[in-house]
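The structure appears below as structure tokens.
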Amino acid sequence: MPELPEVETIRRDLTKLAIGERIVDVWVDPATAPLLLDGSPEAFREEVCGRRILRIDRRGKYLLFRLDDGRTWATHLRMTGRLVWRRSDAPPEPYERAWVRFESGHDLRWCDLRKFGRWRLISCDDEVLGQLGPEPLDPSFSAEALASMLRGRRAPVKAVLLDQRRIAGLGNIYADEALFAAGIRPDTPAGSLEAAAVRRLHEAITDVIRRGIERRGASFRDYVDANGEEGAQQMYVQVFRRTGKPCYRCGTPISRIVVGGRSTHFCPHCQPQAGQAERVR
DNA sequence: CGTTACCTGAAA
DNA sequence: TTTCAGGTAACG
């Protein structure tokens, strides 16, 4: 569920709450443990107990807890994961699968209805992040960088945007929203985009990601921030999950197709097929 | 490349 | 009952 803006919101929240905290205990639901961890819960507990959290970073959709022994507790929330900060005496959250307890009397509660989330304890970022493409808000993600990753590809442009090895952090919501903002049909072959369309897409990507962070993420179903509060971005989406509803710009009903195996939403009027004369706007 | 599988519901 | 789900990894 969480894409870059949602993970970044959690990172910022937890940076205010958990920096300097010492881990004193860890619990993992035995039924979830084989899916969540590489090794046993006991081994993980032994490894992190006594460590302090020095810093929290994010790369793509990974949240990275830097520990005081040089190692990193890397987490990925996948579809339904939540990380919420609670007092240790607070009742369990819905679908709570694990927690990390701190000296101050607080827990990080790991909740995950579908159990797709993953934890790794790593010594080197490459173990988990080696294949990730550039951050969309990093200067290295230029319009020219985007152009070169689209060039010559026949795959739908949306499939390229979702490929974490090309750009790190875009998911289904922000890919659809960026393509709407750029006026590009999601199933357009990536390599067929003209230079002007690529430039619009580059600006649209950085724009929707920035706004998503400003609005503290999109809460359609499962996402909440580190305090358990919903984000606001779902109130501002133009196409995502608006199938059949009128486009805010032109009134045409929003279409839904499947691209790259994912549900895909677009306005057939504002996002015409590439090469099909002039866009409206 | 596009599907299928991983899990457990929630919504239609 | 059937479909759908903010993500990836494995498979053909």
Side-chain angles (χ1 to χ4, degrees), chain A residues 1-11 29-38 58-63 74-83 93-98 110-120 127-133 136 149-150 152-179 186-187 189-191 205 208-209 211-213 215-225 230-245 256-265:
Chain A
M1 73 171 183
E3 307 179 30
L4 189 158
E6 288 75 31
V7 180
E8 177 62 17
T9 301
I10 295 172
R11 188 193 72 79
D29 162 46
T32 307
L35 302 165
L36 184 67
L37 300 169
D38 262 345
R58 180 196 54 74
R59 179 79 173 86
K61 302 171 192 173
Y62 287 89
L63 200 55
T75 69
H76 197 303
L77 297 154
R78 295 281 183 96
M79 288 288 264
T80 55
R82 292 179 167 188
L83 257 180
E93 298 288 308
Y95 305 109
E96 190 172 292
R97 311 293 190 193
W110 178 267
C111 313
D112 189 3
L113 187 155
R114 294 175 76 180
K115 305 182 180 175
F116 290 164
R118 297 288 180 269
W119 290 4
R120 289 287 102 99
E127 291 174 49
V128 138
L129 313 177
Q131 299 286 83
L132 290 185
M149 65 181 77
L150 299 175
R153 320 205 121 269
R154 264 178 295 177
V157 58
K158 177 171 172 183
V160 178
L161 298 189
L162 290 178
D163 184 346
Q164 304 297 298
R165 295 168 305 184
R166 311 217 172 270
I167 312 172
L170 282 185
N172 215 24
I173 300 176
Y174 295 94
D176 279 4
E177 293 299 310
L179 287 162
D187 55 356
I205 289 169
V208 297
I209 292 292
R211 267 201 235 284
I213 294 171
R215 294 179 178 141
R216 303 186 53 78
S219 296
F220 280 93
R221 179 171 292 163
D222 300 291
Y223 167 72
V224 290
D225 66 23
E230 297 192 343
Q233 177 61 23
Q234 69 281 4
M235 298 193 278
Y236 298 89
V237 296
Q238 304 291 299
V239 289
F240 185 75
R241 292 208 199 161
R242 295 198 64 247
T243 311
K245 299 197 173 127
R256 178 187 176 278
I257 58 176
V258 174
V259 176
R262 311 298 304 281
S263 188
T264 296
H265 316 77

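Predicted model only: the values in this text are computed from it and were never measured.
- Here the C1' atom of nucleotide C:dG7 and the CD atom of A:E6 are 13 Å apart, to the nearest Å.
- B:dC6 and C:dT1: their C1' atoms are spaced 23 Å apart (whole Å).
- Where A:S263 and A:Y62 meet DNA chain C, the nucleotide closest to each residue was compared, and A:S263 sits on the side nearer the 5' end.
- Residue A:S219 is classed as a base contact, given a heavy-atom separation below 4.0 Å to a base.
- Residue A:G171 is in sugar-phosphate contact alone, with no base atom involved, counting any heavy-atom pair closer than 4.0 Å across all strands shown.
- Across all strands shown, A:F240 has heavy atoms under 4.0 Å from sugar-phosphate atoms exclusively, and none from any base.
- For A:F116 and B:dC6, the ring-to-base geometry satisfies the stacking test (centroid distance below 5.5 Å, interplanar angle below 30°).
- If you check B:dG9 for Watson-Crick or wobble pairing at under 3.5 angstrom, you find it paired to C:dC4.
- At the heavy-atom level, A:P94 lies nowhere under 4.0 Å from the strands shown.
- Contact annotation for A:R82: no contact, since no heavy-atom pair falls under 4.0 Å across all strands.
- Using a 4.0 Å heavy-atom criterion, one finds that A:R165 contacts no nucleic acid atom at all.
- In this structure, CG of A:D112 is placed 13 Å from P of C:dG7, rounded to the nearest angstrom.
- Taking the P atoms as reference points, B:dC7 lies 14 Å from C:dA10, given to the whole Å.
- Of the two residues contacting DNA chain C, namely A:R114 and A:L162, the nearest-nucleotide position lying further toward the 5' end is that of A:R114.
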